[in-house]
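Letters go in sequence order (proteins before strands), and every chain restarts at 1. It should be emphasised that the depicted structure is a prediction, and the values quoted were computed from it without experimental measurement. Computed over heavy atoms, backbone and side chain alike; hydrogens, waters and symmetry mates excluded.
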Amino acid sequence: MPELPEVEVTRRGVAPHLEDRIVEDVVLRREGLRWPFPPNLRELLAGRRILGTGRRGKYLLLTFEHGTLIVHLGMSGHLRVLPEGIELKKHDHFDLVVRGPEGRRVLRLHDPRRFGAVLWHDHDDGELEQHVLLRGLGVEPLEDKFSGALLHQATRNRSAPIKQVLLAGDIVVGVGNIYACESLFRAGINPKTAAGKISRARYDKLAEAIRDILAAAIVQGGSTLRDFIAVNGQSGYFQQTYFVYDRAGVPCRNCGTPVRQIKQGQRSTFYCAVCQR
DNA sequence: AAGCCTACCTGTTGGC
DNA sequence: TGCCAACAGGTAGGCT
(Lines give C-alpha, C1' and ligand atoms only; values in the text may rest on other atoms or scores of the structure.)
Protein backbone atom coordinates (compact mmCIF):
# COMPACT_ATOMS: atom_id res chain seq x y z
CA MET A 1 0.00 0.00 0.00
CA PRO A 2 1.82 2.97 1.23
CA GLU A 3 4.47 4.63 -0.83
CA LEU A 4 5.64 8.15 -0.11
CA PRO A 5 2.39 9.92 -1.09
CA GLU A 6 0.28 7.66 1.12
CA VAL A 7 2.62 8.15 4.07
CA GLU A 8 2.62 11.91 3.53
CA VAL A 9 -1.20 11.95 3.26
CA THR A 10 -1.26 10.01 6.52
CA ARG A 11 1.17 12.42 8.17
CA ARG A 12 -0.88 15.43 7.14
CA GLY A 13 -4.01 13.69 8.37
CA VAL A 14 -2.73 12.81 11.81
CA ALA A 15 -0.72 15.98 12.41
CA PRO A 16 -3.56 18.28 13.57
CA HIS A 17 -4.76 15.60 15.99
CA LEU A 18 -1.33 14.93 17.48
CA GLU A 19 0.77 18.07 17.46
CA ASP A 20 1.02 19.67 20.87
CA ARG A 21 -1.12 16.92 22.43
CA ILE A 22 -0.24 14.97 25.57
CA VAL A 23 -0.05 11.19 25.34
CA GLU A 24 -2.29 9.66 27.97
CA ASP A 25 -1.96 5.99 27.14
CA VAL A 26 -0.29 3.46 24.88
CA VAL A 27 -1.92 0.13 24.05
CA LEU A 28 0.06 -2.72 22.50
CA ARG A 29 -2.05 -5.72 21.47
CA ARG A 30 0.77 -7.99 20.40
CA GLU A 31 4.51 -8.32 20.87
CA GLY A 32 5.33 -6.45 17.73
CA LEU A 33 5.03 -6.34 13.97
CA ARG A 34 8.11 -6.73 11.81
CA TRP A 35 10.15 -6.12 14.94
CA PRO A 36 9.11 -6.22 18.59
CA PHE A 37 7.42 -3.07 19.90
CA PRO A 38 9.51 -1.25 22.50
CA PRO A 39 8.13 -3.00 25.59
CA ASN A 40 8.33 0.12 27.78
CA LEU A 41 6.52 2.37 25.32
CA ARG A 42 3.85 3.39 27.79
CA GLU A 43 6.44 4.47 30.36
CA LEU A 44 8.35 6.30 27.65
CA LEU A 45 5.39 8.25 26.30
CA ALA A 46 2.67 8.63 28.93
CA GLY A 47 2.40 12.26 30.03
CA ARG A 48 4.71 13.45 27.26
CA ARG A 49 3.87 16.09 24.68
CA ILE A 50 4.06 15.41 20.95
CA LEU A 51 6.06 18.31 19.58
CA GLY A 52 5.51 17.61 15.90
CA THR A 53 5.28 15.14 13.05
CA GLY A 54 7.73 14.37 10.28
CA ARG A 55 8.50 11.93 7.53
CA ARG A 56 11.70 10.41 6.20
CA GLY A 57 11.07 8.33 3.09
CA LYS A 58 8.20 6.07 4.08
CA TYR A 59 8.92 6.40 7.79
CA LEU A 60 6.51 8.52 9.80
CA LEU A 61 8.07 10.36 12.73
CA LEU A 62 6.43 11.65 15.92
CA THR A 63 8.80 13.97 17.72
CA PHE A 64 8.98 14.20 21.51
CA GLU A 65 11.36 16.17 23.66
CA HIS A 66 13.28 13.04 24.63
CA GLY A 67 13.12 11.04 21.41
CA THR A 68 11.21 10.10 18.27
CA LEU A 69 8.56 7.48 17.64
CA ILE A 70 9.25 5.89 14.25
CA VAL A 71 6.24 4.31 12.51
CA HIS A 72 6.35 2.36 9.26
CA LEU A 73 3.17 1.17 7.56
CA GLY A 74 4.79 -1.70 5.68
CA MET A 75 2.68 -3.03 2.81
CA SER A 76 -0.73 -3.06 4.42
CA GLY A 77 -0.72 -0.63 7.35
CA HIS A 78 -2.82 2.44 7.96
CA LEU A 79 -3.42 4.87 10.77
CA ARG A 80 -6.78 6.28 11.81
CA VAL A 81 -7.67 8.93 14.34
CA LEU A 82 -10.81 7.87 16.21
CA PRO A 83 -12.89 8.91 19.18
CA GLU A 84 -12.52 6.63 22.18
CA GLY A 85 -14.67 3.51 22.34
CA ILE A 86 -14.68 2.57 18.66
CA GLU A 87 -14.89 -1.19 18.32
CA LEU A 88 -11.64 -2.99 17.61
CA LYS A 89 -11.14 -4.59 14.24
CA LYS A 90 -9.01 -7.59 13.50
CA HIS A 91 -5.38 -6.49 13.05
CA ASP A 92 -5.69 -3.32 15.12
CA HIS A 93 -2.33 -3.71 16.84
CA PHE A 94 -1.39 -0.42 18.47
CA ASP A 95 -3.13 2.64 19.98
CA LEU A 96 -1.73 5.96 21.06
CA VAL A 97 -4.30 7.79 23.19
CA VAL A 98 -3.94 11.57 23.31
CA ARG A 99 -5.85 14.39 24.95
CA GLY A 100 -6.73 17.46 22.95
CA PRO A 101 -9.24 20.31 23.12
CA GLU A 102 -11.92 18.02 21.68
CA GLY A 103 -11.29 15.32 24.30
CA ARG A 104 -9.48 12.03 24.03
CA ARG A 105 -8.56 10.71 20.61
CA VAL A 106 -7.07 7.38 19.61
CA LEU A 107 -4.39 7.00 16.96
CA ARG A 108 -4.89 3.41 15.87
CA LEU A 109 -2.51 1.34 13.74
CA HIS A 110 -4.11 -1.39 11.63
CA ASP A 111 -1.80 -3.73 9.69
CA PRO A 112 -2.99 -7.16 8.46
CA ARG A 113 0.28 -8.30 6.93
CA ARG A 114 2.33 -7.00 9.84
CA PHE A 115 5.26 -5.74 7.79
CA GLY A 116 4.96 -2.44 9.57
CA ALA A 117 6.98 -1.23 12.54
CA VAL A 118 6.77 0.96 15.62
CA LEU A 119 10.19 1.84 17.05
CA TRP A 120 11.61 4.32 19.49
CA HIS A 121 14.73 6.39 18.96
CA ASP A 122 15.95 7.99 22.16
CA HIS A 123 17.69 11.31 21.72
CA ASP A 124 20.44 10.01 24.01
CA ASP A 125 21.26 7.47 21.31
CA GLY A 126 22.51 10.11 18.89
CA GLU A 127 21.17 11.73 15.75
CA LEU A 128 17.90 10.40 14.37
CA GLU A 129 19.35 10.43 10.84
CA GLN A 130 21.93 7.91 12.05
CA HIS A 131 19.27 5.45 13.17
CA VAL A 132 19.99 2.09 11.60
CA LEU A 133 16.79 2.23 9.52
CA LEU A 134 17.30 5.79 8.32
CA ARG A 135 20.99 6.21 7.74
CA GLY A 136 21.18 4.41 4.39
CA LEU A 137 18.25 6.25 2.83
CA GLY A 138 18.60 8.34 -0.30
CA VAL A 139 17.46 11.92 -0.79
CA GLU A 140 13.88 13.10 -0.42
CA PRO A 141 12.36 13.40 -3.91
CA LEU A 142 10.34 16.50 -3.00
CA GLU A 143 13.33 18.41 -1.65
CA ASP A 144 15.61 20.67 -3.66
CA LYS A 145 18.59 18.34 -3.44
CA PHE A 146 16.81 15.86 -5.70
CA SER A 147 17.57 16.41 -9.38
CA GLY A 148 18.45 14.76 -12.66
CA ALA A 149 22.07 15.63 -11.97
CA LEU A 150 21.95 13.70 -8.70
CA LEU A 151 20.32 10.67 -10.33
CA HIS A 152 22.84 10.74 -13.12
CA GLN A 153 25.86 11.08 -10.87
CA ALA A 154 24.66 8.42 -8.41
CA THR A 155 23.98 5.79 -11.08
CA ARG A 156 27.23 5.87 -13.08
CA ASN A 157 28.38 2.51 -11.67
CA ARG A 158 24.96 0.86 -11.47
CA SER A 159 24.28 -1.82 -14.04
CA ALA A 160 20.93 -2.90 -12.56
CA PRO A 161 17.73 -1.90 -14.40
CA ILE A 162 16.56 1.63 -13.57
CA LYS A 163 13.27 0.36 -12.13
CA GLN A 164 15.09 -1.70 -9.51
CA VAL A 165 17.53 1.08 -8.73
CA LEU A 166 14.61 3.41 -8.04
CA LEU A 167 12.98 0.85 -5.74
CA ALA A 168 16.21 0.22 -3.84
CA GLY A 169 15.81 3.59 -2.10
CA ASP A 170 19.49 4.28 -1.54
CA ILE A 171 19.57 7.07 -4.13
CA VAL A 172 16.06 8.48 -3.81
CA VAL A 173 13.47 7.39 -1.23
CA GLY A 174 9.74 6.91 -1.32
CA VAL A 175 9.35 5.70 -4.91
CA GLY A 176 7.67 2.30 -4.59
CA ASN A 177 6.41 -0.06 -7.24
CA ILE A 178 3.47 2.03 -8.43
CA TYR A 179 5.21 5.38 -8.67
CA ALA A 180 8.36 3.86 -10.17
CA CYS A 181 6.27 2.44 -13.03
CA GLU A 182 4.33 5.66 -13.51
CA SER A 183 7.42 7.90 -13.39
CA LEU A 184 9.32 5.81 -15.94
CA PHE A 185 6.32 5.97 -18.25
CA ARG A 186 6.09 9.74 -17.87
CA ALA A 187 9.80 10.07 -18.63
CA GLY A 188 9.61 7.67 -21.61
CA ILE A 189 12.27 5.36 -20.17
CA ASN A 190 12.14 1.57 -20.51
CA PRO A 191 12.25 0.09 -16.98
CA LYS A 192 14.79 -2.53 -18.09
CA THR A 193 17.41 0.03 -19.11
CA ALA A 194 20.63 -0.23 -17.12
CA ALA A 195 20.68 2.74 -14.76
CA GLY A 196 24.29 3.55 -15.62
CA LYS A 197 23.51 3.92 -19.32
CA ILE A 198 20.86 6.60 -19.05
CA SER A 199 21.86 10.10 -20.14
CA ARG A 200 21.82 13.22 -18.02
CA ALA A 201 19.04 14.70 -20.16
CA ARG A 202 16.82 11.66 -19.62
CA TYR A 203 17.49 11.75 -15.89
CA ASP A 204 16.42 15.40 -15.84
CA LYS A 205 13.14 14.25 -17.30
CA LEU A 206 12.85 11.36 -14.85
CA ALA A 207 13.52 13.55 -11.82
CA GLU A 208 10.83 15.95 -12.98
CA ALA A 209 8.42 13.07 -13.57
CA ILE A 210 9.01 11.61 -10.09
CA ARG A 211 8.55 15.00 -8.47
CA ASP A 212 5.38 15.83 -10.41
CA ILE A 213 3.78 12.43 -9.95
CA LEU A 214 4.45 12.22 -6.21
CA ALA A 215 3.19 15.74 -5.69
CA ALA A 216 0.05 15.07 -7.74
CA ALA A 217 -0.57 11.84 -5.84
CA ILE A 218 -0.38 13.65 -2.50
CA VAL A 219 -2.93 16.19 -3.73
CA GLN A 220 -5.22 13.33 -4.77
CA GLY A 221 -5.02 11.76 -1.33
CA GLY A 222 -2.72 8.97 -2.47
CA SER A 223 -3.67 5.74 -4.23
CA THR A 224 -6.30 3.36 -2.93
CA LEU A 225 -5.68 0.01 -4.60
CA ARG A 226 -6.85 -2.57 -2.15
CA ASP A 227 -7.09 -1.06 1.26
CA PHE A 228 -5.35 2.28 1.63
CA ILE A 229 -7.50 4.77 3.46
CA ALA A 230 -6.53 8.07 4.93
CA VAL A 231 -6.76 9.00 8.58
CA ASN A 232 -10.36 10.14 8.19
CA GLY A 233 -11.34 6.96 6.37
CA GLN A 234 -11.37 8.48 2.89
CA SER A 235 -9.96 6.72 -0.15
CA GLY A 236 -7.26 8.16 -2.35
CA TYR A 237 -7.97 8.92 -5.97
CA PHE A 238 -4.59 8.88 -7.68
CA GLN A 239 -5.12 5.35 -9.01
CA GLN A 240 -7.62 6.83 -11.49
CA THR A 241 -4.77 8.62 -13.20
CA TYR A 242 -2.47 5.62 -13.68
CA PHE A 243 -1.01 5.32 -17.16
CA VAL A 244 0.53 1.87 -16.84
CA TYR A 245 0.34 0.48 -13.32
CA ASP A 246 -2.20 -2.35 -12.97
CA ARG A 247 -3.17 -1.95 -16.64
CA ALA A 248 -1.64 -5.04 -18.23
CA GLY A 249 -3.12 -5.59 -21.70
CA VAL A 250 -5.05 -2.32 -21.63
CA PRO A 251 -4.26 0.10 -24.49
CA CYS A 252 -1.60 2.68 -23.59
CA ARG A 253 -3.29 6.03 -22.97
CA ASN A 254 -0.72 7.64 -25.23
CA CYS A 255 -0.28 5.29 -28.23
CA GLY A 256 -2.85 2.51 -27.84
CA THR A 257 -0.33 -0.32 -27.66
CA PRO A 258 -1.29 -2.86 -24.97
CA VAL A 259 0.56 -2.24 -21.70
CA ARG A 260 3.05 -4.98 -20.86
CA GLN A 261 3.56 -6.64 -17.50
CA ILE A 262 6.91 -8.23 -16.65
CA LYS A 263 8.73 -9.31 -13.48
CA GLN A 264 11.79 -7.50 -12.23
CA GLY A 265 13.26 -8.79 -8.99
CA GLN A 266 10.03 -10.66 -8.17
CA ARG A 267 7.98 -7.49 -8.56
CA SER A 268 5.53 -6.64 -11.32
CA THR A 269 6.56 -3.90 -13.70
CA PHE A 270 4.09 -2.32 -16.11
CA TYR A 271 5.25 -0.35 -19.15
CA CYS A 272 4.55 0.60 -22.76
CA ALA A 273 7.14 -0.88 -25.08
CA VAL A 274 6.46 1.85 -27.67
CA CYS A 275 6.42 4.94 -25.45
CA GLN A 276 9.26 3.74 -23.23
CA ARG A 277 12.56 3.05 -24.98
C1' DA B 1 30.05 -3.42 -3.60
C1' DA B 2 26.42 -4.46 -6.42
C1' DG B 3 22.97 -7.48 -7.07
C1' DC B 4 20.30 -11.36 -6.27
C1' DC B 5 17.34 -13.96 -3.23
C1' DT B 6 14.66 -15.01 0.89
C1' DA B 7 11.97 -13.93 4.57
C1' DC B 8 8.43 -11.70 7.19
C1' DC B 9 2.52 -12.11 7.04
C1' DT B 10 -2.64 -12.11 5.72
C1' DG B 11 -6.12 -11.31 2.41
C1' DT B 12 -7.83 -11.37 -2.27
C1' DT B 13 -8.25 -13.14 -6.74
C1' DG B 14 -8.44 -16.22 -10.55
C1' DG B 15 -8.26 -20.86 -12.40
C1' DC B 16 -10.07 -25.33 -12.17
C1' DT C 1 -19.27 -23.32 -4.26
C1' DG C 2 -14.77 -24.90 -2.77
C1' DC C 3 -9.93 -25.48 -3.03
C1' DC C 4 -5.41 -23.93 -4.05
C1' DA C 5 -1.80 -21.33 -5.99
C1' DA C 6 -0.27 -16.94 -7.13
C1' DC C 7 0.09 -12.45 -6.01
C1' DA C 8 -0.11 -7.87 -3.48
C1' DG C 9 1.88 -1.26 -2.25
C1' DG C 10 8.13 -2.66 1.59
C1' DT C 11 12.64 -3.64 2.87
C1' DA C 12 16.26 -5.80 6.02
C1' DG C 13 19.58 -9.20 5.91
C1' DG C 14 22.28 -12.88 4.03
C1' DC C 15 24.67 -14.64 0.35
C1' DT C 16 27.72 -14.53 -3.92
Rounded to the nearest angstrom, tell me the gap between atom CG in Leu167(A) and atom P in dA8(C). 12 Å

Distance between P atoms of dC7(C) and dT6(B) (Å, rounded): 14 Å

Is there, by distance only and without an angle test, a donor paired with an acceptor across the side chain of Arg267(A) and the base of dA8(C) below 3.5 Å? no

Take atom CD1 of Ile162(A) and atom C1' of dG3(B), then tell me their distance rounded to the nearest Å. 15 Å

Check whether any side-chain N or O of Ser76(A) sits under 4.0 Å from OP1 or OP2 of dA8(C), and answer yes or no. no

Which whole-number value in Å describes the distance from Gln264(A) CD to dG10(C) C1'? 17 Å

Arg186(A)/Glu182(A) ion pair, N-O < 4.0 Å: no

Do the side-chain N or O atoms of Lys90(A) get closer than 4.0 angstrom to the phosphate oxygens (OP1, OP2) of dT10(B)? no

Salt-bridged, Arg21(A) to Glu102(A), with N to O below 4.0 Å? yes

Given dA8(C), is OP1 or OP2 found less than 4.0 Å from the side-chain N or O atoms of Tyr245(A)? no

Of all the nucleotides listed (dG10(C), dG3(B), dG11(B)), which has the minimum atom distance to the side chain of Pro112(A)? dG11(B)

If you take atom types as modelled and just measure distance, does the side chain of Arg113(A) reach the base of dC9(B) with a donor-acceptor pair under 3.5 Å? yes

Under 4.0 Å, counting only non-hydrogen atoms across every strand here, what does Leu33(A) touch: a base, just sugar-phosphate, or nothing? nothing

Where each residue is assigned the nucleotide of DNA chain B containing its nearest heavy atom, which of Phe115(A) and Pro161(A) is assigned the position nearer the 5′ end? Pro161(A)

Taking for each residue the nucleotide of DNA chain B with the nearest heavy atom, is it Gln266(A) or Ala160(A) whose nucleotide lies nearer the 5' end? Ala160(A)

Is the distance from the ring center of His123(A) to that of His66(A) below 6.0 Å? no

Name the closest nucleotide to the Lys263(A) side chain, picking from dA12(C), dA8(C), dT10(B). dA8(C)

Measure from CD on Glu6(A) to C1' on dA8(C) and round the result to the nearest Å. 14 Å

Separation of dC7(C) P from Phe270(A) CZ (nearest whole Å): 11 Å

Could you tell me the Watson-Crick or G-U partner of dC9(B), where both distances fall under 3.5 Å? Say none if there is no partner. none

Hey, is Glu8(A) close enough to Arg11(A) for a salt bridge, meaning N to O under 4.0 Å? yes

How many Å lie between CG on Asp170(A) and C1' on dA2(B), as a whole number? 10 Å

5'-most by nearest nucleotide on DNA chain C - Val175(A) or Val132(A): Val175(A)

Spacing of Leu73(A) atom CG relative to dG10(C) atom P, expressed in whole Å: 11 Å

Looking only at atom types and distance, does a side-chain atom of Arg156(A) sit under 3.5 Å from a main-chain N or O of His152(A), one as donor and one as acceptor? yes

Check whether Arg202(A) reaches the backbone of Gly188(A) with its side chain - one donor and one acceptor, N or O, closer than 3.5 Å. yes

Closest listed nucleotide, where the reference is the side chain of His72(A) and the choices are dG3(B), dA12(C), dG10(C): dG10(C)

Of the nucleotides dT11(C), dA2(B), dT10(B), which has the atom closest to the Lys58(A) side chain? dT11(C)

By nearest atom, which of the nucleotides dC7(C), dG10(C), dA12(C) is closest to the Glu3(A) side chain? dG10(C)

Quickly work out the His78(A) NE2 to dT10(B) P distance and round it to whole Å. 16 Å

At under 4.0 Å between heavy atoms, what does Arg34(A) touch on the DNA or RNA strands: base, sugar-phosphate, or nothing? base

